[in-house]
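Let me begin by presenting the structure, written as structure tokens, before commenting on it.
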Amino acid sequence: MKIDILTLFPEMCNTVMSESIIGRAQKADKVQIECHNIRDFAGNKHNKVDDTPYGGGMGMVMSAEPIYNCYKSLYTEGEPKPHLIYLSPKGTTLNQSKVVELSKLERLVLLCGHYEGVDERVLDEIVDEQISIGDFVLTGGELPALALADAVCRMLPGVLSDDICFEDESHFSGVLEYPQYTKPSVWRDREVPEVLLSGNHAEINKWRRKQSLEITRELRPEMFKKLELTTDDQKLLGLIPDKKRKK
């Protein structure tokens, strides 16, 4: 996969994407991430990319032409149009299902807005969808774009050491992740649950599943309501009797 980020702050994006797992994935050619400076396509001697809003109001609005020219520079006529996402608080809230969906694309373009927003006409012209990372407002689209890119990259083959690395995580399977522990087994009088020290992997898996279900029910009841609980899940939660345990 290739991910292009259209931004006014390419160095900021490059710095984040060059570190940790995503940085190693790029060096191993598992993903290619390129940041493009919208100012390079301003077409004026001062590299001006914004102007005052029609109708009045505070702040500045990013102009359509520099963004359009930046995007059009990514591909030539006859090539497939890359899927472009505008990171915006108006967009659909990002979730793991969308991340998995986007990870199946060959190419992804992320547009980072700034100031008071972007001229609506260029959004109508080139944007395929708008995505938000939550019901709050940031100073620019860079942080949401980096969050989305990170989430998508982790789903790509070979980026993580094994699929189990993300299949057990919160949200991937519709539940929150179970608690994790490491050495020492006792810390400040707090002990690791005994089952995790037992070596009985069947019981450990049951404990982890129960913890995930209970945590989801407590912390994210709206997620829990959407779950299709198996008979074993219902037994773990005490919703139906477990005849084997009674014996």
Please say yes or no: joined through hydrophobic side-chain contacts below 4.5 Å, possibly via intermediate residues, are [X] and [Y] part of one cluster?
X	Y	value
V100	I3	yes
L8	L84	yes
I240	F224	no
F41	V127	no
L196	I215	no

Across all chains, not counting sequence neighbours, the side chain to side chain donor-acceptor pair (under 3.5 Å) partners of E222 are R220

Residues at least two apart in sequence or cross-chain that pass side chain to side chain donor-acceptor pair (under 3.5 Å) with Y86, listed by chain then number, are none

Who clusters with V137? Use side-chain heavy atoms, under 4.5 angstrom, across I, L, V, M, F, W and Y, and order the result by chain and number.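 None; V137 is a cluster of one.
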
Once side-chain contact (heavy atoms from CB on, under 4.5 Å) is applied, do any residues pair with [X], and if so which ones, sequence neighbours excluded?
X	answer
V99	L94, Q96, A151, V152, M155
L105	M1, H83, L102, L108
E79	Y75, T76
N47	R39, A42

Counterpart residues, ring-ring contact (aromatic ring centres under 6.0 Å, His included), relative to F9 (two or more places apart)
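For F9 the ring-ring contact (aromatic ring centres under 6.0 Å, His included) partners, ignoring immediate neighbours, are H114.
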
task: Kindly give the heavy-atom pair with the smallest separation between V175 and L227, and that separation in Å.
output: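 So the two residues come closest at CG1-CD1, 3.5 Å.
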
Tightest non-hydrogen contact, residues V159 and C153, listed as CG2-O, 3.2 Å

Open item on the list: Run D128 and K81 through salt bridge (charged side-chain N to carboxylate O under 4.0 Å, His left out) and show every step you take.
Closed with: CA-CA 10 Å; D128 295 295; K81 176 185 180 296; 2.9 Å; yes

In short, side-chain hydrogen bond (donor to acceptor under 3.5 Å, both in side chains) pairs touching residues 130-153 with sequence neighbours left out are T7-E142, S88-Q130

Suppose the criterion is side-chain hydrogen bond (donor to acceptor under 3.5 Å, both in side chains): which pairs have a residue in residues 181-202, not counting sequence neighbours?
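Sorted pair list comes back empty.
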
Side-chain donor/acceptor pairs under 3.5 Å, residues 48-60, sequence neighbours excluded:
unit_1 : atom_1 : unit_2 : atom_2 : d
K48    : NZ     : D50    : O      : 3.0

The complete set of salt bridge (Lys or Arg N to Asp or Glu O under 4.0 Å) pairs with one or both residues in residues 25-37, sequence neighbours excluded, reads K2-E34

Quiz prompt | Any donor-acceptor N/O pair, D124 side chain to R121 backbone, under 3.5 Å | solution =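 No, the answer is negative, given that no donor and acceptor are paired below the 3.5 Å cut-off.
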
